[in-house]
Amino acid sequence: MIVIAFLIIYVNPLIFIIFKVYVKIILSKKMQTTREIPKAYNPGEVEKKWYKYWEDNKLFHSEVDTTKKPYTIVIPPPNITGILHLGHILNNSIQDIYIRYKRMMGFNACWVPGTDHASIATESKVVQYLKTKGIEKDDISREEFLGHCREWQKKYGGIIIEQLRTLGVSCDWERERFTMDDHYYSKVIEAFVDLYKKGYIFKGHRMVNWCPATQSAISDEEVIFQNVNGKLWHFRYPVKDSEEVLVVATTRPETMLGDTGVAVNPEDERYKHLIGKTVILPIVGREIPIFADSYVDKEFGTGVVKITPAHDVNDYEMGKRNNLEVINIFTPQAVTNDNVPEEFRNLDRYTARDKVVKKLEELGLLVKIEDYANKVGYSQRGNVAIEPYLSEQWFMNMDELVKPALEVVKQGKVNFHPEHWVKTYEHWMTGIKDWCISRQLFWGHRIPVWYHKETGEIYCETTPPADVENYVQESDVLDTWASSWLWAQDVFKTKEEQAYYYPTDLLVTGPDIIFFWVARMIMAGMEFMNDIPFKDVYFTSIIRDEKGRKMSKSLGNSPDPIDVIKDYGADALRFTINYIAPLGQDVLFSVDKCEIGRNFANKIWNAGRYLLMNAQKTEVNESLKDKHIDFSDRWILSKLQRTIKEVNTALDKFEINNASKLIYSFIWNDFCDWFIELSKPRLYSQDKEVASSVLTRAFWIYEEMLKLVNPFMPFITEELWQAIKERKDGESICTAQYPVFNEALLDEQAESDIELVQSIVTALRNIRGEMGVPITKPITVILKAENISEDQINAIKSLARVENLTAGKDIDKPNGAASAVVKGCDIFVPLEGIIDIEVEKARIEKELTRLEGLLIGVNKKLSNANFVDKAPIDVVQNEKNKKADWENSIEKLKSILKDLI
RNA sequence: GGGUUCUUAGCUCAGCUGGUUAGAGCGUCUGUUUGACGUACAGAAGGCCAGAGGUUCGAAUCCUCUAGAACCCACCA
């Protein structure tokens with residue numbers, strides 16, 4: 001048989017095609033059987049399959065297209081040394097939500113990915129790595145070292161980018177950038193030259209934050225202050241030609257080797273007579289002046305400050321004011337140099353400290369040691385205490401750059417979410433100091449400055465001088481942030497692209513880099529593009545563990561997102577983290593919270609499975625979509641419209657967790673819990689056309705739902721979107737039209753009709769529960785109601801498993817019935833023989849107490865003349881309605897209770 | 001020292017410009033093989049909205065203070 005078929009196929013291509021179609025039909029039929037749709041959603045394979053499909057079909061690629069409006073995001077480029085952590089998950093899923101949302105709305109969505117060379121962070125890693133290979137950075141040439149860095153970049157730079165793909169991000173990978181790409185590099189250099197020529201960039205000999213680990217200057221922002229339980233040492237400094245001594249207090253005894261003065265407050269009566277005299281600096285023997293400076297706080301310590309101008313910012317300033325000598329006692333490694341007495345030379349600063357203290361103690365000059373909690377600045381990357389250090393560095397004066405950048409945020413051209421970050425931004429921007437942009441490193445953008453060998457003259461251009469042999473190039477590189485501040489503008493390579501995509505629409509980043517990056521990007525945008533870099537900035541929450549502690553490697557409380565994705569699925573992780581992350585507050589995350597997303601995915605999956613199962617028996621027929629519409633259809637359509645509208649509003653306000661909650665609740669509560677149940681009787685109706693129309697409509701609503709969730713959960717929605725209908729090759733939910741709000745479908749009547757049904761059904765279920773009547777046992781219900789439709793009655797019958805339901809205006813209360821009163825309806829469930837009178841009495845009494853409590857409240861309000869006079873009429877009317885309603889219910893319940901006895 | 005934010009059910013949080021019977025999820029308790037889902041369904045219990053004042057007819061919501069928590073900025077040796 002097979003052989004024959006094969007022969008026929010071989011000779012006749014037409015038959016081959018027929019055969020193929022036949023096989024396809026067989027297969028698709030098979031796919032439709034329940035056995036082929038697993039009960040639980042299995043994300044692993046699905047995610048891989050669709051990501052490949054999206055990439056193969058270039059669904060995320062964007063080109064300039066002036067017929068469409070662009071929607072642009074540039075990714076905060078992760079460091080090439082980085083690995084994916086939960087912060088990235090939150091950050092990137094938010095960007096993806098907006099990009100996907102806008103793409104489905106018809107925008108030309110462009111999300112530019114890339115990585116940052118992360119000058120100091122990478123260089124320290126490479127140095128460490130080389131050490132393990134027995135190579136010292138100092139022993140190899142700059143070029144050799146850079147070679148190692150580039151190798152490192154090739155090896156590790158792509159890891160995080162690959163990891164991001166597992167999250168399902170819809171970046172335009174054809175646009176992947178790196179901050180040291182040729183084009184980008186040249187733009188960084190151009191910016192430097194431009195600012196140098198404008199006089200904003202200059203070289204200066206100043207006190208900077210020195211990182212002894214990396215042996216480079218760092219900026220103020222890279223200094224992290226940490227609380228340290230230290231000591232305050234008190235020492236005696238003998239006054240020259242006198243019996244007197246001055247007691248100084250210090251947290252850093254070792255710096256006394258570089259002291260060149262002792263300061264007191266000019267108003268301090270204790271020391272006034274000593275001003276102008278000198279002390280003999282112990283150990284060193286140097287004679288140094290006692291002088292007055294109002295900076296000194298009389299109250300603190302002894303009121304006497306030892307001054308080390310070379311190693312403390314304040315001392316440096318005081319030294320300048322008072323013409324003190326500046327003696328540097330440290331090498332760049334923070335080891336004592338030849339400016340200290342011989343026995344103290346070549347010591348690490350902490351060893352030097354111990355030795356100085358010991359020596360002073362021996363000399364009898366140590367007064368006391370107090371415990372003292374103070375803050376010590378640490379180098380962000382080097383992770384060692386920074387040393388205030390005098391050196392030649394390049395600085396950028398920020399005065400002119402700040403002005404427009406401050407304005408655009410104040411005026412709301414750049415919008416911060418949450419808004420309160422504006423204050424922080426303004427505060428920083430108004431107190432900003434010169435930015436130290438030079439780093440004594442190799443890995444980075446080398447400063448485009450050449451010094452003339454003879455004259456020392458500075459040459460600063462984008463290209464080297466013509467007679468470059470007469471020059472030496474500056475060896476420093478730029479601070480990483482002095483390159484990434486151009487990210488929003490220079491990831492676009494041509495003027496045409498910049499004109500189209502810039503300014504970008506949204507930046508999503510952590511508040512920890514508001515100064516490092518956000519502020520500086522705005523400055524760069526205003527300076528070089530004369531326009532803002534982005535319209536909205538979303539500051540993400542900080543992810544903490546379930547106890548509120550920061551995620552950290554040492555605590556071991558930082559789950560690997562890749563593992564979480566393996567266990568729960570990317571969709572589940574994405575959804576969960578956005579569901580629990582409120583705007584502007586910390587998020588307490590733990591892995592088991594991902595059950596929220598996993599269960600939700602499973603719910604969506606099973607709703608789809610249910611529809612597909614029914615599609616085997618009942619025809620899906622588009623022409624019947626708008627036929628046989630009943631109140632439950634009008635209700636769910638109305639609810640859907642509300643949801644669409646509210647989701648749009650929430651996303652426009654950057655309330656992402658709100659948006660996700662709205663979608664969650666619509667799908668789970670409205671669609672699954674009520675609508676599917678409501679539709680069952682008609683779906684299984686004898687009338688095939690009714691069944692068909694119900695199912696067709698359900699599929700339509702389901703597809704709208706899938707599109708609503710898609711930005712949050714791209715994988716499962718693609719899988720189901722493809723499963724519920726025949727799709728063309730290359731088609732994707734990613735590029736489908738996002739649901740559009742249709743006001744005409746809002747239906748308040750249907751909504752209140754369903755609400756009545758829901759209240760009655762809930763009351764009946766409550767009675768079942770309290771009375772111990774299992775759902776398997778049908779009940780009889782008698783309803784005393786003014787207006788209740790046949791549709792409503794049928795719905796109640798099916799949802800509460802009611803066998804006989806009698807409804808009408810004039811109905812007498814039956815005997816031995818459990819009762820409830822809901823929205824003016826009397827509900828009776830005759831349970832003669834079954835009903836426990838005491839239980840029923842307790843039930844009614846409880847409800848009575850509740851209602852009476854409410855009535856007291858409303859009566860109090862209404863008897864208050866001020867309230868009735870001053871409150872708006874609708875508010876008063878509302879209270880009156882409530883009063884009438886509750887009084888009515890109370891009356892009815894009382895009569896029921898009376899009959900029970 | 002300055003600034004920002006927070007304090008609502010056992011836990012994590014919603015409650016927008018003051019008028020609601022103060023909500024949800026998780027957890028707890030009870031029940032459930034009804035033709036998608038036990039990663040589920042149904043029901044229930046659980047709250048002086050941190051404390052004290054004030055504004056107002058009316059405050060979880062606005063103002064002040066107090067207490068506590070977190071973060072950011074700042075040169076107290």
Side-chain angles (χ1 to χ4, degrees), chain A residues 34 37 39-41 225 232 248-252 255 263 295-297 299-308 312-317 372 374-375 388 418 420-421 423-424 427-428 431 511-512 514-515 542 544 546 548 568 572 579-580 582 584-590 592-593 595-596 598-614 653 655 657-658 661 664-665 669 672-673 676-677 680 683-684 761-762 765-770 772-776 798 800-801 850-851 853-854 857-858 861 864-872 874-876 878-879 882 886:
Chain A
T34 30
I37 311 170
K39 271 191 170 187
Y41 170 59
F225 285 91
L232 192 61
V248 298
T250 179
T251 53
R252 298 199 55 193
T255 61
Y295 166 78
V296 178
D297 181 355
E299 310 301 322
F300 188 87
T302 57
V304 186
V305 189
K306 59 181 275 305
I307 305 299
T308 323
D312 183 279
V313 184
N314 301 311
D315 290 10
Y316 180 68
E317 293 301 320
Y372 184 69
N374 76 338
K375 288 199 165 181
H420 70 79
W421 287 106
K423 284 191 179 175
T424 308
H427 181 252
W428 186 74
D512 51 331
I514 183 169
F515 308 135
I542 295 166
R544 295 170 177 281
E546 66 276 294
Y568 292 89
Y579 183 86
I580 64 177
Q585 250 150 284
D586 295 350
V587 179
L588 306 193
F589 181 88
S590 62
D592 52 4
K593 281 195 176 159
E595 287 179 12
I596 297 170
R598 185 199 58 184
N599 295 357
F600 185 45
N602 196 241
K603 193 73 185 172
I604 296 172
W605 177 259
N606 274 292
R609 182 166 169 262
Y610 165 79
L611 294 180
L612 286 169
M613 278 165 64
N614 279 290
K653 289 197 289 186
E655 293 172 356
N657 71 326
N658 250 349
K661 276 171 185 148
Y664 182 91
S665 144
N669 304 126
C672 293
D673 287 349
I676 286 187
E677 296 308 321
K680 274 178 184 172
L683 184 57
Y684 300 130
V761 168
T762 303
R765 286 169 175 167
N766 179 307
I767 288 173
R768 275 184 182 278
E770 301 277 325
V773 185
I775 192 76
T776 42
S798 120
R801 264 211 135 202
R850 191 182 73 92
L851 287 171
L854 292 173
V858 81
K861 262 192 189 173
N864 182 344
N866 273 326
F867 171 72
V868 182
D869 293 349
K870 293 190 183 173
D874 55 320
V875 173
V876 178
N878 196 310
E879 294 299 315
K882 283 196 275 188
W886 291 333

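- A:K39 is not listed as a side-chain neighbour of A:W605, based on a closest heavy-atom distance of 4.5 Å or more.
- In this structure, A:Y372 reaches the sugar-phosphate backbone alone: every heavy-atom distance under 4.0 Å involves primed, P, OP1 or OP2 atoms, never a base.
- With sequence neighbours excluded, the residues forming a side-chain hydrogen bond (donor to acceptor under 3.5 Å, both in side chains) with A:Y295 are A:N314, listed by chain and number.
- Atom CG of residue A:D312 and atom CZ of residue A:R252 lie 8.0 Å apart, to the nearest 0.5 angstrom.
- Whole-Å rounding puts the A:L854 CG to B:A22 C1' distance at 12 Å.
- Two residues, A:E299 and A:W421, neighbour RNA chain B, and the one matched to the more 5' nucleotide by heavy-atom proximity is A:W421.
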Dot-bracket, 5' to 3', for RNA chain B please: Watson-Crick or G-U pairs under 3.5 Å, [ ] where pairs cross earlier ones, | where the partner sits on another strand, dots elsewhere. (((((((..((((.....[...)))).(((((.......))))).....(((((..]....))))))))))))....
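- Counting heavy atoms from C-beta on, the side chains of A:K306 and A:T255 come closer than 4.5 Å.
- Within the 4.5 Å cutoff, no side-chain heavy atoms of A:Y316 are placed close to those of A:P388.
- Rounded to whole angstrom, the span from the CD atom of A:E879 across to the C1' atom of B:U21 amounts to 11 Å.
- Side chain A:Y295 to base B:C75: a donor-acceptor pair is found below 3.5 Å.
- A:K423 is linked by a side chain to side chain contact (heavy atoms under 4.5 Å, CB included) to nothing, counting only residues two or more places apart in sequence or in another chain.
- B:A36 and B:U17: their C1' atoms are spaced 43 Å apart (whole Å).
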Evaluate the criterion side-chain contact (heavy atoms from CB on, under 4.5 Å) for residue pair A:Y664 and A:K603; output intermediate values, then yes/no. CA-CA 10 Å; A:Y664 182 91; A:K603 193 73 185 172; over 6 Å; no
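- Contact between A:N866 and A:N864 at its shortest, heavy atoms only, is N-OD1, 2.9 Å.
- Both A:K653 and A:R598 sit near RNA chain B, but only A:K653 has its closest nucleotide nearer the 5' end.
- Taking CD1 of A:I542 as the reference point, atom CG of A:D512 lies at 6.5 Å (rounded to 0.5 Å).
- Residue A:V296 is classed as a base contact, given a heavy-atom separation below 4.0 Å to a base.
- B:U7 and B:G43: their C1' atoms are spaced 32 Å apart (whole Å).
- Atoms CD (A:E595) and C1' (B:G27) sit 12 Å apart, rounded to a whole Å.
- A:K882 places its NZ atom 3 Å from the P atom of B:U21, with the value rounded to the nearest Å.
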Anything under 3.5 Å between a protein N or O and an N or O of nucleotides 43-47 of chain B, put it in a table, one pair a line.
| from | atom 1 | to | atom 2 | distance (Å) |
| --- | --- | --- | --- | --- |
| B:A44 | OP1 | A:N766 | ND2 | 3.0 |
| B:A45 | OP1 | A:K846 | NZ | 2.7 |

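- Minimum heavy-atom separation, A:N602 to A:A40: ND2-CA, 3.3 Å.
- Residues A:I676 and A:A607 share a closest heavy-atom pair of CD1-CB, 4.4 Å.
- Residues A:V868 and A:E879 fail the side-chain proximity criterion, which asks for heavy atoms closer than 4.5 Å.
- Comparing the same atom, C1', in B:A24 and in B:G19 gives a spacing of 23 Å after rounding to whole Å.
- Comparing the C1' positions of B:C26 and B:G46 gives a spacing of 14 Å, expressed to the nearest Å.
- B:C49 and B:A22: their P atoms are spaced 11 Å apart (whole Å).
- In this structure, OG1 in A:T424 is found 6.0 Å from CD1 in A:I514, a value given to the nearest 0.5 Å.
- Of the C1' atoms belonging to B:C76 and B:A59, the separation is 44 Å, rounded to the nearest Å.
- No side-chain heavy atom of A:I604 sits under 4.5 Å from any side-chain heavy atom of A:Y41.
- Within 4.0 Å of A:D297, counting heavy atoms only, lies at least one base atom of the nucleic acid.
- Rounded to whole Å, the separation between the C1' atoms of B:U8 and B:G47 comes to 8 Å.
- Looking at heavy-atom distances under 4.0 Å, A:R252 makes no contact with the nucleic acid at all.
- Between A:V296 and A:V305, the shortest heavy-atom distance links the atoms CG1-CG2, 3.7 Å.
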Do A:N614 and A:L683 pass the side-chain contact (heavy atoms from CB on, under 4.5 Å) test, and can you show the C-alpha distance, the side-chain angles, and the key distance before you say yes or no? CA-CA 9 Å; A:N614 279 290; A:L683 184 57; 3.6 Å; yes
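- Residue-level contact check: A:V305 touches the bases, meaning some heavy atom is under 4.0 Å from a base atom.
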Are there any protein N/O atoms within less than 3.5 Å of an N/O atom in nucleotides 3-13 of chain B, and if so, which ones and at what distance?
| from | atom 1 | to | atom 2 | distance (Å) |
| --- | --- | --- | --- | --- |
| B:U4 | O2' | A:H420 | ND1 | 3.1 |

Reading nucleotides 32-37 of chain B from 5' to 3' and marking B where a protein heavy atom lies under 4.0 Å of the base, S where only the sugar-phosphate is that close, and - otherwise, the string is ---BBB
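- Contact check, A:N599 against B:A40: a side-chain N or O comes under 4.0 Å of OP1 or OP2.
- Rounded to whole Å, the distance from OH on A:Y568 to P on B:U39 is 12 Å.
- For the P atoms, the distance linking B:U20 with B:U61 amounts to 13 Å, nearest Å.
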